[in-house]
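Lettering of chains follows the sequences in order, A, B, ..., and the numbering in each one begins at 1.
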There are 2 protein chains.
Amino acid sequence: MKPFHSYQNPSLAIDLVVFGYQQRTLSVLLLNRNEMPFKDTWTLPGAFLQMDERFKDTCSRVLKTKLGMDNVYLEQLYSFDEPERDPRGRVIAIAHYALINPKNFAITAGSMANDVQWFDIHQMPELGFDHQEIFTQALQRLRSKILYFPVGFELLDDLFTMPELHELYECILDTTIDRRNFRRKILDAQYIINTGKKREGLQNRHPDLYKFNKKLPKNAFQLNIN
Amino acid sequence: MKPFHSYQNPSLAIDLVVFGYQQRTLSVLLLNRNEMPFKDTWTLPGAFLQMDERFKDTCSRVLKTKLGMDNVYLEQLYSFDEPERDPRGRVIAIAHYALINPKNFAITAGSMANDVQWFDIHQMPELGFDHQEIFTQALQRLRSKILYFPVGFELLDDLFTMPELHELYECILDTTIDRRNFRRKILDAQYIINTGKKREGLQNRHPDLYKFNKKLPKNAFQLNIN
DNA sequence: GCAAAAGTGTTACGGCTACACCCATGG
DNA sequence: CCATGGGTGTAGCCGTAACACTTTTGC
């Protein structure tokens, strides 16, 4: 058998589109690079794959060491192969996206305050590398997936109200959805379970608190928007 | 700047799920390996990515040199990172699938007759590496994509009849679809254009010949099956 | 003129959209 | 008791599934 790894191989980078939801806004976590290339430019967080790592391991390493996050919803997105996408040389990027609840991870304080930051998806800066394209694909994927699969609960607290879930969907899909029709569809799909508890301390009627139904039924769920 | 490619990187393989449609059967092209590992075992065709190649270049190279095919519909599928997936060492596979019309490429004759062969997707042999998983995902992707996107025309001749298209869909989705409802949906979606010509030489009524509408309208097409 | 298959039309049901109404809470 | 927002119900429309009928061809 040939000396297998003596060939020259491209480097393998894992790039991460980390989505967070807070203050009724869908945001993405960006990192301001402090070295060349693209020094002082906002980019997606990422790292090179080590020989003993699976993709998810690299993702976890980035999330843990650079962002202090743990136990995160991850999905592989797409791989990017443009030869000139990295000026340092040939780098293949395996893009993933993550969904997290920012409340669980305080990014805003600490030593990284300056170079790690949430950006409203409507107010993104210019990104280095081909990260704009990666981000666009990630958002597209999230938007289409949420129409037929119970993704999105990872962005909320364990307990959430129907209006909160409703607003999340509107925010991600960037549209308005009829409150009552949304409720019925979500309930029919049995994605969520009413806990009987109520959210207290609001000005008006206290809405029911729901939790995600982990044993999700395979009822076809299809959310149609106008 | 660091010596960038001095790190050890995994090898990058491109694996191909080549779908073909013939004799009312959806088939996959498999290759009988003539070297270790998995010698004399059926596998998906593939090759290692060269430093100057994009994914599609590698795909084309495999399709051209190993299979004599050219100008083929290709789509990136998913990347597989299991560290033990290749006994020779760490190999990441970027899987793609291709749709071709076998009529355009005579595989059955020639020097490769013995080690390249079409297999009915219902009668597949055991596959080497993790290729069974890759194949399964490819089939799944094809099946879900055909429900909302005009993929599949690549499997047919340039001119085809409505019953032929109908049968292709039934074959890919492995179900029955009402002939008349199918026709209406496809026509409404404007995926195809009636050429006015007819298929001659049949026993019964001569069906109209259609061609694929290349400037596909973005009407949402959704084929629902029971 | 008969069998087989392709083209065309229709009806009736179900699901969704687009609504209105009632209920709970704080001030 | 009023404003605000959350919970519940419903009517009417539209799309489509499930059909029947007519037309064309070969023998």
task = Compare the minimum distances between each of D/dG5, C/dC19, D/dC19 and the side chain of B/D178, then state the nucleotide with the smallest one.
result = D/dC19
task = Let me know the distance between CG of A/L209 and C1' of D/dG7, rounded to the nearest Å.
result = 14 Å
A/N204 CG - D/dG6 P separation (whole Å) = 7 Å
key: Nearest listed nucleotide, side chain of A/D208, among D/dG7, C/dT17, D/dT25   = D/dG7
key: Nucleotide nearest A/N181 when distance is taken to its side chain, options C/dT17, D/dG5, D/dC19   = C/dT17
query = In terms of side-chain heavy atoms of A/R184, which of D/dG7, D/dT10, C/dA5 is nearest?
reply = D/dT10
key: Selection from C/dG7, D/dG7, C/dT25 that lies nearest to any side-chain heavy atom of B/R179   = C/dG7
key: Test: B/D208 and B/K197 ion pair at under 4.0 Å   = no
query = Over how many whole Å does the gap from B/E200 atom CD to D/dT24 atom P extend?
reply = 14 Å
remark   = ring pair (Phe, Tyr, Trp, His ring centres under 6.0 Å) filter on A/F80, not counting sequence neighbours, yields A/Y78
query = Taking 4.0 angstrom as the limit, do A/R85 and A/D15 come out as a salt bridge?
reply = yes
inquiry  = Rounded to whole Å, how long is the line connecting atom CZ of A/R205 with atom C1' of D/dA3?
reply    = 15 Å
task = Could you state the atom-to-atom distance from CG of B/D188 to C1' of D/dT16 in whole Å?
result = 11 Å
inquiry  = Just the rounded figure in Å: distance from P of C/dC16 to CD1 of A/I186.
reply    = 13 Å
message = By nearest atom, which of the nucleotides C/dG9, D/dT23, C/dG26 is closest to the A/H206 side chain?
response = C/dG26
query = D/dG5 P sits how many Å from A/L165 CG, rounded?
reply = 19 Å
request  = Check whether NZ of the Lys or CZ of the Arg B/K185 lies under 6.0 Å from the centre of the six-membered ring of B/F182 and within 45 degrees of that ring's axis.
outcome  = no
key: Any B/R183 side-chain N or O less than 4.0 Å from OP1/OP2 of C/dG7   = yes
remark   = Atom CZ of B/F160 and atom C1' of C/dA6 are separated, to the nearest Å, by 16 Å
ask   = Going by modelled atom types, is there a donor-acceptor pair between the base of C/dA20 and the side chain of A/R180 at under 3.5 Å?
value = yes
ask   = With the threshold set at 4.0 Å, does a side-chain nitrogen-carboxylate oxygen contact exist between B/K64 and B/D57?
value = no
